[in-house]
Amino acid sequence: MYAEIAYLLYLAISIAITIWVARTLSVNGVVFLKRCFAQNDELAHSTNHLLVVGFYLVNLGFILLTLSIGSEPESVSEMIRFLSSKVGLAVVVLGAMHFFNMSAISHFGRKVNGWLAGEECAQARA
């Protein structure tokens with residue numbers, strides 16, 4: 001009985017947090033991406049969408065894979081420990097994904113800015 005409730009709560013909480021984080025990053029990430037990609041709206045929105053899809057796939061996959069880790073709770077106190085450890089781990093992974101994405105965007109944004117600046121110089125010379 002406790003195990004089924006704990007699994008359902010874990011899925012509901014973790015998926016809700018994943019959706020909230022993805023939406024927050026998506027809405028606020030466009031501004032950052034525009035800056036990284038020399039105000040190119042199309043490239044910023046496209047990259048943002050691809051990052052959100054990848055974010056969902058990795059995090060939802062992680063959440064589903066961790067269902068089988070650990071022992072099933074048999075009391076309310078065990079259920080609380082079960083939920084706190086699983087949801088806590090999912091939140092840590094969400095945070096790590098966020099910092100990884102920010103680092104990758106920053107790195108690739110500098111490269112794209114260089115490419116776009118090179119194209120502008122070539123077009124100005126033509």
Side-chain angles (χ1 to χ4, degrees):
M1 170 77 170
Y2 291 110
E4 290 84 5
I5 294 170
Y7 286 126
L8 289 173
L9 284 172
Y10 167 64
L11 287 172
I13 293 167
S14 297
I15 290 170
I17 290 171
T18 298
I19 291 168
W20 174 73
V21 170
R23 287 185 177 172
T24 301
L25 293 175
S26 176
V27 168
N28 296 305
V30 172
V31 175
F32 180 76
L33 289 169
K34 282 182 188 178
R35 178 102 182 195
C36 284
F37 298 141
Q39 304 302 317
N40 185 326
D41 285 340
E42 185 178 10
L43 183 59
H45 284 285
S46 176
T47 303
N48 193 42
H49 182 73
L50 292 172
L51 286 170
V52 169
V53 169
F55 183 83
Y56 275 125
L57 290 173
V58 169
N59 286 294
L60 293 176
F62 177 81
I63 289 165
L64 294 172
L65 284 172
T66 58
L67 276 173
S68 63
I69 295 173
S71 59
E72 294 184 350
E74 297 179 11
S75 68
V76 173
S77 62
E78 287 180 11
M79 188 169 69
I80 292 169
R81 281 194 296 276
F82 173 90
L83 285 171
S84 66
S85 64
K86 287 199 181 271
V87 171
L89 185 59
V91 169
V92 167
V93 169
L94 284 168
M97 283 293 298
H98 170 65
F99 285 114
F100 172 78
N101 284 343
M102 292 301 292
S103 175
I105 290 166
S106 178
H107 174 76
F108 293 121
R110 284 191 293 273
K111 282 188 176 187
V112 170
N113 267 331
W115 296 334
L116 293 174
E119 287 177 11
E120 288 174 5
C121 287
Q123 288 175 355
R125 281 185 235 144

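All heavy atoms count here, side chains included; hydrogens, waters and symmetry mates do not. Here, residue 1 is the first one in the sequence, and each next residue gets the next number. Quantities reported herein were computed from a predicted structural model and do not represent experimental measurements.
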Is there a donor-acceptor pair closer than 3.5 Å between any side-chain N or O of Ser46 and the backbone N or O of Leu43? no
Is Leu25 linked to Val30 within one hydrophobic cluster, defined over Ile, Leu, Val, Met, Phe, Trp and Tyr using a side-chain heavy-atom separation of less than 4.5 Å? no
Gap separating the OG1 atom of Thr24 from the CD1 atom of Ile19, nearest 0.5 angstrom: 11.5 Å
Give a yes or no on whether Leu67 and Leu9 share a hydrophobic cluster (residues Ile, Leu, Val, Met, Phe, Trp, Tyr; joining criterion: side-chain heavy atoms under 4.5 Å apart). yes
Nearest-0.5 Å distance that lies between atom CZ in Arg23 and atom CG in Asn28: 13.5 Å
Return the CG to OG1 distance between Leu94 and Thr18, rounded to the nearest 0.5 Å. 4.5 Å
Step by step, work out the side-chain contact (heavy atoms from CB on, under 4.5 Å) result for His98 and Val21. CA-CA 9 Å; His98 170 65; Val21 170; 5.8 Å; no
Criterion side-chain contact (heavy atoms from CB on, under 4.5 Å) on Leu11 and Leu64, from CA distance to verdict: CA-CA 8 Å; Leu11 287 172; Leu64 294 172; 4.0 Å; yes
ILVMFWY network linking Val76 to Ile13, side-chain heavy atoms under 4.5 angstrom: yes
Taking all non-hydrogen atoms of both residues, which atom of Ser14 and which atom of Val87 are closest, and how far apart? OG-CG2, 3.9 Å
List for me each residue that meets side chain to side chain contact (heavy atoms under 4.5 Å, CB included) alongside Ser26, sequence neighbours excluded, and say none if there are none. Asn48, Val52
A side-chain contact here means heavy atoms from C-beta on lying under 4.5 Å apart; do Ile5 and Met79 qualify? yes
Approximate separation, where rounding is to 0.5 Å, of Ile63 CD1 and Lys86 NZ: 11.0 Å
Report whether Ile80 and Val91 are members of the same hydrophobic cluster (ILVMFWY, side-chain heavy atoms less than 4.5 Å apart, transitive linking). yes
Taking the side chain from Thr66 and the backbone from Ile69, do they hold a donor-acceptor pair closer than 3.5 Å? no
Let me check something: do Val58 and Leu51 share a hydrophobic cluster, defined by ILVMFWY side-chain heavy atoms less than 4.5 Å apart, either directly or through other members? no
Can you confirm whether Glu72 sits close enough to Glu78 that some side-chain heavy atom of one is under 4.5 Å from a side-chain heavy atom of the other? no
Applying ring pair (Phe, Tyr, Trp, His ring centres under 6.0 Å) as the test, list every pair that has at least one member in residues 50-89; sequence neighbours left out. Tyr7-Phe82
